[in-house]
Amino acid sequence: MADAAFAAAPDLAQALARWRRWLESEKQASPHTLRAYLADVTRFLGFVADHRGGQVSLNGLAALRLTDFRAYLARRAGEGAGVGARARGLAGIRNFLGFLDREGLVHVGGLTALSTPRRRKPLPKPLSEADARAAIDGIAADGDWFDRRDRALLVLLYGCGLRLSEALSLTRGQVPLGLRLTVTGKGRKQRQVPVLPVVAEALAAYAAALPWALPPDAPIFRGARGGVLNPAVAEKAVRDLRRLLGLPAHMTPHAFRHSYATHLLKGGADLRVIQELLGHASLSTTQVYTEVEDSRLLAVYRDAHPRARR
């Protein structure tokens, strides 16, 4: 790469060697980390040589300003480096310049105000209405208690928008369900969600098929031997169902909660109402579902509009 070749002044070359020994001996960095840090710092110093011209020295590093670091990140972005690669590269540079500062060799103040590039969180991946229905209908409503358990769990996740942990904490005393369900979410914060008849019916059918008599305060979802259903077992059941029915790879228990929110928004529900139903502390957390819907509409437009297909 062009930036990798640069002329280092003797003081910088010695500092680089000291930093490498420090990484190897004191920090005991893995070979992978060592290679990555050295490559990132070498690339950056090559940029400095090209950007400012001439040999790179410790005094030259001290003269770097915030705009220089931003120019470097801009070049990396122009080269196609993603947010993760730029953030990792900046970590190596910070490590090197921090070492120089601690050793009393040079202080590079231009780096202190630079923010690390943030990786954008991926958008939630809801199921289509057809896939959500297919998953639930793929489990026999009149099957054995295992089938009724799995069906009741999916109906509860999708019909009430619960997190898996919230669903698994439902107690025997709460079934049969009424018109509203009190849910204890993150931070022990309680909220109430409406209960659709189909949800109440699925839970009642499962409760009737349970082979054990449970006390009112016991979680109703049970494993094969009667213990509390482990979240990992529930996740595996969803994976097995997904493979059996040929449904999308992103079908997980949490995808049903995403689907609940996205389908409510698509149906015209107010964002504040969805926030309350999901138990989000901040509206900004709920607003991500508007991006999901916008992305879906854009995809439909691109597929349908004659000019978009050209």
**Message:** Return the CZ to SG distance between Phe256 and Cys160, rounded to the nearest 0.5 Å.
**Reply:** 13.5 Å
**Asked** How many angstroms lie between CG in Asp11 and CG in Leu105, if you round to the nearest 0.5 Å?
**Response** 8.5 Å
**Note: Arg21-Glu26 ion pair, threshold 4.0 Å (strictly below)** = no
**Message:** Nearest 0.5 angstrom please: Arg149 CZ to Ile139 CD1, how far?
**Reply:** 9.5 Å
**Prompt:** Can Arg172 be said to sit on top of Trp212's aromatic six-ring, NZ or CZ under 6.0 Å from centre and within 45° of the ring axis?
**Reply:** no
**Prompt:** Going by atom types alone, do Ser259 and Thr262 pair a side-chain donor with an acceptor below 3.5 Å?
**Reply:** no
**Asked** Looking at CG of Asn95 and NZ of Lys27, how far apart are the two atoms once the value is rounded to the nearest 0.5 Å?
**Response** 7.5 Å
**Asked** Side chains of Ser169 and Glu166: do they bring a donor and an acceptor to under 3.5 Å?
**Response** no
**Asked** Looking at Ala15 and Leu100, what are the two nearest heavy atoms and their distance?
**Response** CB-CD2, 3.6 Å
**Prompt:** With a 4.5 Å limit on heavy-atom distance, are the side chains of Glu201 and Leu203 in contact?
**Reply:** no
**Asked** How far apart are the closest heavy atoms of Leu245 and Ala134, and which atoms are they?
**Response** CD1-O, 3.6 Å
**Request:** Report the C-alpha distance between Phe69 and Leu97 in whole Å, list the side-chain angles of each, state the deciding distance to 0.1 Å, and finish with yes or no for side chain to side chain contact (heavy atoms under 4.5 Å, CB included).
**Result:** CA-CA 12 Å; Phe69 290 100; Leu97 298 182; 3.9 Å; yes
**Message:** Working note: Gln287 + Gln275, criterion side chain to side chain contact (heavy atoms under 4.5 Å, CB included); need CA distance, chi angles, decisive distance, verdict.
**Reply:** CA-CA 9 Å; Gln287 283 174 327; Gln275 176 193 2; over 6 Å; no
**Prompt:** Would Leu241 and Arg239 satisfy side chain to side chain contact (heavy atoms under 4.5 Å, CB included), going step by step from the backbone distance to the final call?
**Reply:** CA-CA 5 Å; Leu241 178 66; Arg239 284 198 305 272; over 6 Å; no
**Message:** Could you check whether Arg65 pairs with Asp68 (Lys NZ or Arg NE/NH1/NH2 to Asp/Glu carboxylate O, under 4.0 Å)?
**Reply:** no
**Pairing residues for Glu235 by the salt bridge (Lys or Arg N to Asp or Glu O under 4.0 Å) criterion, not counting sequence neighbours** = none
**Asked** Is atom CZ of Arg180 surrounded by more than 12 heavy atoms (other residues, nucleotides or ligands) closer than 6.0 Å?
**Response** yes
**Side-chain donor or acceptor of Tyr206 paired with backbone N/O of Ile220 under 3.5 Å** = yes
**Request:** Please confirm whether the backbone N or O of Leu127 pairs with a side-chain atom of His263, one donor and one acceptor, at under 3.5 Å?
**Result:** yes
**Prompt:** Does Arg242 reach the main-chain N or O of Ala249 with its side chain, forming a donor-acceptor pair under 3.5 Å?
**Reply:** yes
**Fill in**
Minimal heavy-atom distance between Leu45 and Val56, with the atoms involved, is O-CG2, 3.7 Å
**Asked** Mind checking whether Pro124 and Val288 have side chains closer than 4.5 Å, heavy atoms only?
**Response** yes
**Item:** Exercise: identify the closest heavy-atom pair between Leu90 and Leu73
**Value:** CD2-CD1, 4.4 Å
**Request:** Indicate yes or no: does Arg151 engage Asp147 in a salt bridge with an N to O separation below 4.0 Å.
**Result:** no
**Item:** Residue pair Val106 / Asp101, side-chain heavy-atom distance below 4.5 Å
**Value:** no
**Asked** How are the rings of Tyr72 and Phe44 set to each other: parallel, tilted or perpendicular (split at 30° and 60°)?
**Response** perpendicular
**Request:** Using atom types as modelled and distance alone, determine if a side-chain donor or acceptor of Arg86 lies under 3.5 Å from a backbone N or O of Ala81.
**Result:** yes
**Prompt:** Hey, is the main chain of Gly161 close enough, under 3.5 Å, to the side chain of Arg257 for a donor-acceptor pair?
**Reply:** yes
**Message:** Using modelled atom types and a 3.5 Å cut-off, is there a donor and acceptor pairing between side-chain atoms of His250 and backbone atoms of Pro126?
**Reply:** yes
**Item:** Nearest-0.5 Å distance, CD of residue Glu276 to OG1 of residue Thr286
**Value:** 10.5 Å
**Asked** Strictly under 6.0 Å, is that where the ring centroids of Tyr260 and Tyr158 end up?
**Response** no
**Request:** Quick one: do Gln174 and Thr171 satisfy side chain to side chain donor-acceptor pair (under 3.5 Å)? Show the steps, please.
**Result:** CA-CA 5 Å; Gln174 292 175 284; Thr171 64; 3.2 Å; yes
**Message:** Assess whether a salt bridge exists between Arg20 and Glu24, defined as any Lys/Arg side-chain N lying under 4.0 Å from an Asp/Glu carboxylate O.
**Reply:** yes
**Heavy-atom side-chain contact between Ile274 and Leu278 under 4.5 Å** = yes
**Request:** For residues Pro231 and Leu168, determine if any side-chain heavy atom of one lies less than 4.5 Å from a side-chain heavy atom of the other.
**Result:** yes
**Prompt:** Tell me, do Val228 and Arg222 make a side-chain contact under 4.5 Å, heavy atoms counted?
**Reply:** yes
**Request:** Calculate, to the nearest 0.5 Å, the distance between atoms CG and CG belonging to Leu179 and Leu177 respectively.
**Result:** 10.0 Å
**Asked** Below 4.0 angstrom, N of the basic side chain to O of the carboxylate: do Glu103 and Arg18 qualify?
**Response** yes
**Message:** Assess, by modelled atom type and distance only, whether the side chains of Thr184 and Gln190 contain a donor and an acceptor separated by less than 3.5 Å.
**Reply:** yes
**Message:** Go through it in stages, so that I can follow the logic: the residues are Leu153 and Leu164, the test is side chain to side chain contact (heavy atoms under 4.5 Å, CB included), and I'd like the CA-CA distance, side-chain angles, deciding distance and then a yes or no.
**Reply:** CA-CA 9 Å; Leu153 181 58; Leu164 179 60; 4.3 Å; yes
**Item:** Any Asp40 side-chain heavy atom under 4.5 Å of Arg88 side chain
**Value:** yes
**Message:** Quick check: do Val41 and Trp19 have side-chain heavy atoms less than 4.5 Å from each other?
**Reply:** yes
**Complete:** In terms of heavy-atom contacts, Pro253 and Leu157 come closest through O-CD1, 3.8 Å
**Item:** Closest non-hydrogen atom pair, Leu277 against Pro194
**Value:** CD2-CD, 3.5 Å
**Request:** Mind telling me whether Phe47 and His51 have parallel, tilted or perpendicular rings, with 30° and 60° as the class edges?
**Result:** parallel
**Asked** Got more than 12 heavy atoms from elsewhere within 6.0 Å of CD, Gln55?
**Response** yes
